[in-house]
Protein chains: 2
Amino acid sequence: MTKTVQDNRQPVTRVRPGRNEEGRLEILTAATTSFMQLGYARASIDEIADRLGATKGRVYHYYRSKADILMDIHRHVLDMMYAEVEPLADAENAADALRDMAYRHVMIVMKNLAFTRVALLSTTDLFMNEKQSDFVGEIGKVRRAYEDLFVTVLERGMRQGEFRETRARLLAKPLLGSLNWTTMWYVDRDGTTPETRAEIAEIVVDYVVGGVRK
Amino acid sequence: MTKTVQDNRQPVTRVRPGRNEEGRLEILTAATTSFMQLGYARASIDEIADRLGATKGRVYHYYRSKADILMDIHRHVLDMMYAEVEPLADAENAADALRDMAYRHVMIVMKNLAFTRVALLSTTDLFMNEKQSDFVGEIGKVRRAYEDLFVTVLERGMRQGEFRETRARLLAKPLLGSLNWTTMWYVDRDGTTPETRAEIAEIVVDYVVGGVRK
DNA sequence: CCGCGACGATACCGCTAGGTATGTCGCACG
DNA sequence: CGTGCGACATACCTAGCGGTATCGTCGCGG
């Protein structure tokens, strides 16, 4: 059911058409790694190409510009998030729904650390790109839609009497903050086994759910 | 009692010595505004100078490099935070202490939006500056010390039986996340009166305290 | 066997922006 | 009264980097 999110990238040819999809993904991941390690500005196209043992030509064969790569990263992350979290919002109990959503969200962040970190930290660099501001609006819509997922669950929980009564939209801000902040401190050590990830996720989730309950 | 934080910038001459302090602050604020609006990378020194109706010469008269300005912003924000929040950690009741600290933290963020936002978003750009990595370590220490403020209060609350028992340091991460995330969504509208700020702060604080309590 | 298009390399351009070198003006101070 | 220094302005240098134009090459369908 990710249709609504994925299909509205048609008007603008974000990606060069007729290209190999796997090849494009290679560029995308390499670029993401570079952006994470050096930041969007400091990471050069040549550096991305070097990481693949190639040259600029290969990169520009798949993407029209550096900014386009960044946009594609954003689209990638948002699609992933929405597709995995949206189905969990329907659980009978609002508290359970929120718990599942938060858990999944944090897990995605940890498993795709490079992507999510870049998507969050480079928001500024993206939104300052005057040209193609139509895409920025597009991204903004999806962000809003994702936030609405949590707002809706919060409102439901308030009506059901499980959650404290306040402005749901305002409450959603620090809530998403505690989830997204994971990108800022979580490190992908070698010794980090899935167990500790689950452990981290549960601590965060307990905090989140406790923060909205009565 | 901000001595411990402020005094350890002596070893490295971060700022050019013997300069007028107010003049330096003008540069600092102008740069902060530019960094916030355009991002650290896109904001040029010329643009900062233009904002002051001056030229590069004036900027480089006070700071040796662009990165130094960014470092000074970080120091400025961290000093401000630490100085205002640290005294609140001593309240008898751990829950009250945490409440006060969180409230103050969010308030500082809102009142100094440009500074705090830059300090958070440009963390990457800072830590990637290979040279002067000694200062980065310095910043890291202060960050850690600030985090310890909250960790200590959390541990105290757990011993007193008010807070849920978990890894205090891990719990502090999403906690600070919900506070710091304010920089990402709060906007300084004209109509934003102090009342709505207080309103926002209370919603966030309720969420935070609720998240750690039993 | 041919040509066409995906794939990629090479060479090159142009501009932006950080940094420096140098000059100028005014004021405090001996 | 000159002289040193803070507080800037001006002019200039230069490296890095995004983007383009062009040319090889390999595989595949007709």
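The structure presented is a predicted model; accordingly, all values stated were derived computationally and were not measured.
With hydrogens and angles left out, the side-chain atoms of A/Y186 and A/R197 include a donor and acceptor closer than 3.5 Å. Residues A/S178 and B/Y207 bring a donor and an acceptor atom of their side chains to less than 3.5 Å of each other.
Backbone-only contact: A/A43 has heavy atoms under 4.0 Å from sugar-phosphate atoms and none from a base.
Each of A/V209, A/V151, A/V153, A/L98 was checked for a side-chain contact (heavy atoms from CB on, under 4.5 Å) with A/L175, and the lone residue meeting it is A/L98.
Rounded to an integer number of Å, the gap from CZ of A/R42 to C1' of D/dG18 is 17 Å. C/dG18 atom P lies 5 Å from atom CD1 of B/I45, rounded to whole Å. To the nearest angstrom, P of C/dG19 lies 12 Å from CG of B/D46. Taking atom CD of A/E26 as the reference point, atom P of C/dC7 lies 11 Å away to the nearest angstrom. If you take CG of A/L52 and C1' of C/dA9, they are 14 Å apart, rounded to a whole angstrom. Whole-Å rounding puts the B/D50 CG to C/dT16 C1' distance at 14 Å. One can place OH of B/Y40 at 13 Å from P of C/dA17, the figure rounded to the nearest angstrom. Atom CD in B/E47 sits about 14 Å away from atom C1' in C/dT16, given to the nearest Å.
Looking at residues two or more places apart in sequence or on another chain, you find a side-chain hydrogen bond (donor to acceptor under 3.5 Å, both in side chains) between B/E47 and B/S34, B/R51.
A cation-pi contact, defined as under 6.0 Å to the ring centre and within 45° of the axis, is absent between A/K66 and A/Y60.
A salt bridge does not link A/E138 to A/R75: none of the charged nitrogens lies less than 4.0 Å from a carboxylate oxygen.
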Sugar-phosphate means primed atoms, P, OP1 and OP2; the rest is base. With that split, encode nucleotides 4-12 of chain D 5' to 3' as B, S or - using protein heavy atoms under 4.0 Å. ---BBBB--
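Minimum atom distance to the side chain of B/S44 is reached by C/dA17, of the listed C/dG19, D/dG19, C/dA17.
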